[in-house]
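The next block holds one structure in the form of structure tokens; read it before the comments.
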There are 2 protein chains.
Amino acid sequence: MTEIKENNMPQAIEQFILYWGDMGGQWGVNRSVAQIHALLYLATKPMNAEEITERLGIARSNVSNSLKELVSWKLIRRVPISGDRREHFEAETDVMEMAMRIAQGRKEREIDPAAMALKECVAQAQGDNKIDPIALERLQAMEVFVVQGSKWYEQMLSIPKGQLATLMKMGDKVIGLLKFAGGKKAK
Amino acid sequence: MTEIKENNMPQAIEQFILYWGDMGGQWGVNRSVAQIHALLYLATKPMNAEEITERLGIARSNVSNSLKELVSWKLIRRVPISGDRREHFEAETDVMEMAMRIAQGRKEREIDPAAMALKECVAQAQGDNKIDPIALERLQAMEVFVVQGSKWYEQMLSIPKGQLATLMKMGDKVIGLLKFAGGKKAK
DNA sequence: TTGTAATTTCTGTTTTTACAGAAATAACGA
DNA sequence: TCGTTATTTCTGTAAAAACAGAAATTACAA
């Protein structure tokens, strides 16, 4: 973990930024991006790029690129400050909303292209009489699963935040309820 | 003993391995790991490390480490071949099972440590009277969400495969059924 | 316009990660 | 035991990603 420039921020915030930055690496984004996100998430007012640069001690250019990426994920947004021509940014602070945006981003970046590539593979495999039937079967199974998973994901993301939260709180209890509600509707 | 392995693998399989390997990078694993997984997923019989090395043209040591990682994800397993003292490997071929294993692995590697770190941050923040109440609130909101998300994830993974598949097929229709079954819940 | 502040893009450096090949270790048969 | 083969660990190198600082561009005020 890299250190952060001298400052008088509370330790907990410092920790959070460092940790979140580190965590970012595990997920798809780099440290700078994640640190800036953490900083803005806890900030009580919008910040401009210069402030972020100083606060985190990273290069201005780096901040610029990272902000662009965060905006593309819709995790932060530009907010105009009257009388100040510099661009200011603030983070989405609703965690559920945040999670959904991340999920949406990952779907687009990971799942969708996977589904497309698989489709091509299967198409090619089907026109190849040299291919082992078992391998073909597996390719198809994978494709079906990814396509279906993609649809499910999309549906989940279309559910209003509040209902999704309810659904999550219910956890595995949905199963029981579905049995009750759906009853005889097997298949 | 060095006849050149005729590499007239069907194009589709070749593609799949290359693509899957590439995709692995987006997810948490490197190319070699993902390629080996793809190869074993389509293989009709268990393979040993040497075969994999030749087939993919990567270093033996690399194969060894990658296999270890795949085993740790439980995406492949060692299978003894009688009369052959070399270790052979085969992949889990049930895609749903595979997805659940990956989900489980990611939870352990990403979500759980995040929850723990957040807990520390919040604890520290609570004992700091210098901290902005809004920032504290956000830290707490994040922690609650992550902990809850973690529980939900765990519950989902405890659901039998078949039921989970049903649940996925239902998609957002669960919402409607839940309203019917459980009545509405006023916030 | 022209000057200045803000931002982005470009280029080279540093850091990190993936990987190959060698060396070491372990497993097993004789 | 020893010799052979399979496997892992170690070490250096290559490739990729993150990043800083400079240069270029853009936006705007006067």
Side-chain angles (χ1 to χ4, degrees), chain A residues 1-5 17-18 20-40 46-73 76-90 109, chain B residues 1-2 17-18 20-40 46-73 76-89 109:
Chain A
M1 268 195 217
T2 4
E3 277 189 36
I4 284 186
K5 217 169 163 187
I17 292 173
L18 284 178
W20 206 245
D22 217 45
M23 207 57 199
Q26 310 271 210
W27 293 68
V29 301
N30 67 40
R31 199 173 54 226
S32 308
V33 171
Q35 282 190 353
I36 293 173
H37 181 234
L39 175 61
L40 290 174
M47 298 179 77
N48 63 49
E50 198 58 41
E51 288 171 328
I52 295 170
T53 299
E54 285 170 21
R55 174 65 184 77
L56 298 179
I58 61 185
R60 184 53 236 275
S61 56
N62 195 4
V63 171
S64 176
N65 290 326
S66 300
L67 287 171
K68 192 157 63 175
E69 182 164 357
L70 284 168
V71 168
S72 87
W73 280 86
I76 66 172
R77 56 183 151 262
R78 296 168 199 276
V79 282
I81 299 289
S82 67
D84 191 337
R85 63 187 251 221
R86 289 170 301 181
E87 297 199 307
H88 288 65
F89 297 85
E90 70 178 8
R109 290 165 176 80
Chain B
M1 175 142 207
T2 28
I17 291 173
L18 285 177
W20 205 245
D22 217 46
M23 208 58 201
Q26 311 269 211
W27 293 68
V29 302
N30 67 39
R31 198 173 54 228
S32 308
V33 172
Q35 282 190 354
I36 293 173
H37 181 234
L39 175 61
L40 290 175
M47 298 180 76
N48 64 47
E50 199 57 40
E51 288 169 329
I52 296 170
T53 299
E54 283 170 24
R55 174 64 185 77
L56 298 180
I58 61 186
R60 182 55 235 273
S61 56
N62 195 5
V63 170
S64 176
N65 290 325
S66 299
L67 286 171
K68 194 157 61 173
E69 183 165 356
L70 285 168
V71 168
S72 87
W73 279 87
I76 65 172
R77 56 184 153 264
R78 295 168 200 276
V79 282
I81 299 289
S82 68
D84 192 335
R85 64 188 251 225
R86 290 169 300 181
E87 297 200 306
H88 287 65
F89 298 86
R109 290 164 174 81

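None of the values given here were measured: they were computed from a predicted structure. Convention: sequence-line order gives letters A, B, ...; per-chain numbering from 1.
- Considering every non-hydrogen atom in both A/S66 and A/S32, the closest pair reads OG-CB, 3.6 Å.
- Note: A/M47 CE to A/L39 CG = 4.5 Å, rounded to the nearest 0.5 Å.
- To the nearest 0.5 Å, the span separating CG on A/N48 from CZ on A/R85 amounts to 12.5 Å.
- Contact check for A/F89 versus A/R78: side-chain heavy atoms found under the 4.5 Å cut-off.
- Partner of A/I36 under the side chain to side chain contact (heavy atoms under 4.5 Å, CB included) criterion, chosen from A/I58, A/T53, A/I76: A/I58.
- If you take CZ of B/R86 and P of C/dG29, they are 14 Å apart, rounded to a whole angstrom.
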Verdict with supporting geometry, B/S64 and B/R60, side chain to side chain contact (heavy atoms under 4.5 Å, CB included): CA-CA 6 Å; B/S64 176; B/R60 182 55 235 273; 4.3 Å; yes

For each nucleotide in nucleotides 19-24 of chain C, reading 5' to 3', give B when a protein heavy atom comes within less than 4.0 Å of its base, S when such contact involves only the sugar-phosphate, and - otherwise. SBB---

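- Over its full length, the helix from C/dT1-D/dA30 to C/dA30-D/dT1 turns its helical axis through 20°, comparing axes from the five pairs at each end and rounding to 10°.
- Rounded to an integer number of Å, the gap from CH2 of A/W27 to P of D/dA18 is 17 Å.
- Across every non-hydrogen atom of A/I17 and A/Q35, the tightest pair is O-CG, 3.6 Å.
- Heavy atoms of A/E50 sit nowhere under 4.0 angstrom from any nucleic acid atom.
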Check the pair B/V29 / B/W73 against side chain to side chain contact (heavy atoms under 4.5 Å, CB included), numbers first and verdict last. CA-CA 11 Å; B/V29 302; B/W73 279 87; 4.2 Å; yes

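- Atoms CG (A/L67) and P (D/dC19) sit 14 Å apart, rounded to a whole Å.
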Close N/O contacts between protein and nucleotides 26-29 of chain D (under 3.5 Å):
{"from": "D/dA27", "atom 1": "N3", "to": "A/R85", "atom 2": "NH2", "distance (Å)": "3.2"}

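- Of the inter-residue distances, the one linking A/L40 atom CG with A/E51 atom CD reads 10.0 Å to the nearest 0.5 angstrom.
- Atom CG in A/D84 sits roughly 7 Å away from atom P in C/dA6 (whole-Å rounding).
- D/dA16 atom P lies 14 Å from atom CD of B/Q26, rounded to whole Å.
- Between B/K68 and D/dT7 there is no side-chain N or O to OP1 or OP2 distance below 4.0 Å.
- By the 4.5 Å heavy-atom criterion applied to side chains, B/L67 and B/I52 are counted as neighbours.
- To the nearest 0.5 Å, atoms CZ (B/R77) and CD (B/E87) are separated by 14.5 Å.
- Counting to the nearest Å, the C1' atom of C/dA27 and the CG atom of B/N48 are 16 Å from each other.
- A/F89 has its CZ atom 7 Å from the P atom of C/dT8, to the nearest Å.
- Here D/dT5 presents its C1' atom at 13 Å from CD of B/E87, a figure rounded to the nearest Å.
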